[in-house]
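Just the heavy atoms: all of them, side chains too, but no hydrogens, waters or symmetry mates, feed the values below. Every chain is numbered from 1 and lettered A, B, ... according to where its sequence line falls, protein lines coming before strand lines.
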Amino acid sequence: MGGDPRLTLAGPVLDVAPRLLGGLLTAGGVTVRLTEVEAYAGEQDPGSHAFRGRTPRTQVMFGPAGFAYVYFSYGMHWCLNVVAGEDGAASAVLLRAGAVVDGLEHALARRPGVRERDLCRGPARLTRTLGITGEQDGADLLDPASALRLELPAAAPPDVRTGPRVGVSGDGAAFPWRFWVDDPSVSAYRAAAPRRRPAG
DNA sequence: GTGGGGATTTACT
DNA sequence: GTAAATCCCCACA
């Protein structure tokens with residue numbers, strides 16, 4: 001699967017998401033190998049920011065694949081998505097976790113005292129470790145001159161696991177659109193609608 | 001102009 | 001396990 005990476009990312013988001021696992025994301029002098037992602041499937045996905053249609057914040061999602069959608073959450077966190085699907089599909093893949101493979105010194109400098117496996121264990125930790133903020137919203141991930149670069153793996157890892165998305169409530173939680181590989185950097189946070197001990 | 005909620009992380013009990 | 005931190009975005013009026 002050589003091919004034009006832009007074309008690969010322009011495929012159906014549920015195909016694109018697992019293809020990002022093993023990919024290399026570089027920013028702020030740090031490179032991570034992606035270990036966990038989540039798919040957000042456009043305007044018909046109740047869990048997606050694009051669910052309510054095009055807005056100033058989500059306009060990047062409605063554009064062509066391969067660009068960065070960076071949003072701000074909970075008053076302090078940035079999260080990074082890769083826009084996927086055809087132009088106008090408004091689908092994207094949230095990058096939830098990764099393992100640092102280069103620039104460890106820069107990563108540790110940004111996150112003093114944090115264990116190596118926790119550096120990018122979670123979507124907001126990942127952006128913080130790589131120094132990603134809203135300034136990178138709309139960046140072309142496939143442009144070598146970009147502050148944010150993504151390199152797709154030659155092939156998807158053979159052992160991709162799937163499960164419900166994290167932090168998504170309501171109907172959007174029904175689909176197993178979270179993809180990960182077995183790695184210590186994969187986030188381990190509770191689901192959006194945590195259950196108490198199962199009745200019975 | 002106002003109000004409610006959020007694709008989270010961290011610290012504390 | 002529970003709660004605090006913290007502010008942008010969006011829907012309404």
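Using cut-offs of 30° and 60° on the angle between ring planes, the pair A/His49 and A/Tyr71 is perpendicular.
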Handout entry: salt bridge (charged side-chain N to carboxylate O under 4.0 Å, His left out) evaluation trace for A/Arg111 with A/Asp118
Key = CA-CA 10 Å; A/Arg111 316 229 39 208; A/Asp118 291 334; over 6 Å; no
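Listed pair A/Arg111 / B/dT10 meets the phosphate criterion, a side-chain N or O lying under 4.0 Å from OP1 or OP2. OP1 or OP2 of B/dT8 has at least one side-chain nitrogen or oxygen of A/Arg96 nearer than 4.0 Å.
Helical stems in DNA chain C, defined as runs of 3 or more consecutive Watson-Crick or G-U wobble pairs with donor-acceptor distances under 3.5 Å: B:1-6 with C:7-12, B:8-12 with C:1-5.
Closest of all the heavy-atom pairs between A/Asn81 and A/Ala92 is CB-CB, 3.9 Å. Scanning both residues, A/Val83 and A/Met61, for their nearest heavy atoms gives CG1-O, 3.7 Å. Across A/Asp87 and A/Phe62, no two heavy atoms sit closer than the pair OD1-O, 3.3 Å. Taking all atoms of both residues into account, the shortest heavy-atom contact from A/Val30 to A/Thr129 is CG2-O, 4.0 Å.
Whole-Å rounding puts the A/Leu20 CG to B/dA7 C1' distance at 16 Å. Rounded to whole Å, the distance from CD on A/Gln59 to P on C/dC9 is 11 Å. The distance from atom CZ of A/Phe51 to atom P of B/dG5 is 17 Å, rounded to the nearest whole Å. What separates CG of A/Asp118 from P of B/dA11 is a distance of 12 Å, to the nearest Å. A/Leu119 places its CG atom 11 Å from the P atom of B/dT10, with the value rounded to the nearest Å. Atom NE2 of A/His49 and atom P of B/dT8 are 9 Å apart (whole Å). Rounded to a whole Å, the CZ atom of A/Arg54 is 13 Å from the P atom of C/dC10. Spacing between atom CD of A/Glu36 and atom C1' of B/dA7 amounts to 11 Å, rounded to whole angstrom units.
Residues from residues 70-83 of chain A lying near DNA chain B, meaning a heavy-atom separation below 4.0 Å, are A/Tyr71, A/Tyr74, A/Gly75, A/His77, A/Asn81 in numerical order.
The listed nucleotides are B/dA7, C/dC10, B/dT10; the one nearest the side chain of A/Tyr40 is B/dA7. Of the listed nucleotides (B/dA7, B/dT10, C/dC10), B/dT10 has the atom at the smallest distance from the side chain of A/Arg125. When the nucleotides B/dA7, B/dT8, C/dC10 are ranked by their closest atom to the side chain of A/Val166, B/dT8 comes out on top. Looking at the side chain of A/Arg128, the nearest of the listed nucleotides C/dC10, B/dT10, B/dT8 is B/dT10.
Cation-pi geometry between A/Arg165 and A/Tyr40 is satisfied (NZ or CZ under 6.0 Å from the ring centre, within 45° of the ring normal).
A salt bridge is defined here as a Lys NZ or Arg NE, NH1 or NH2 lying under 4.0 Å from an Asp or Glu carboxylate O, and A/Asp137 with A/Arg57 fails to meet this definition.
Listed by chain and number, the residues in a salt bridge (Lys or Arg N to Asp or Glu O under 4.0 Å) with A/Arg161 are A/Asp182 (sequence neighbours excluded).
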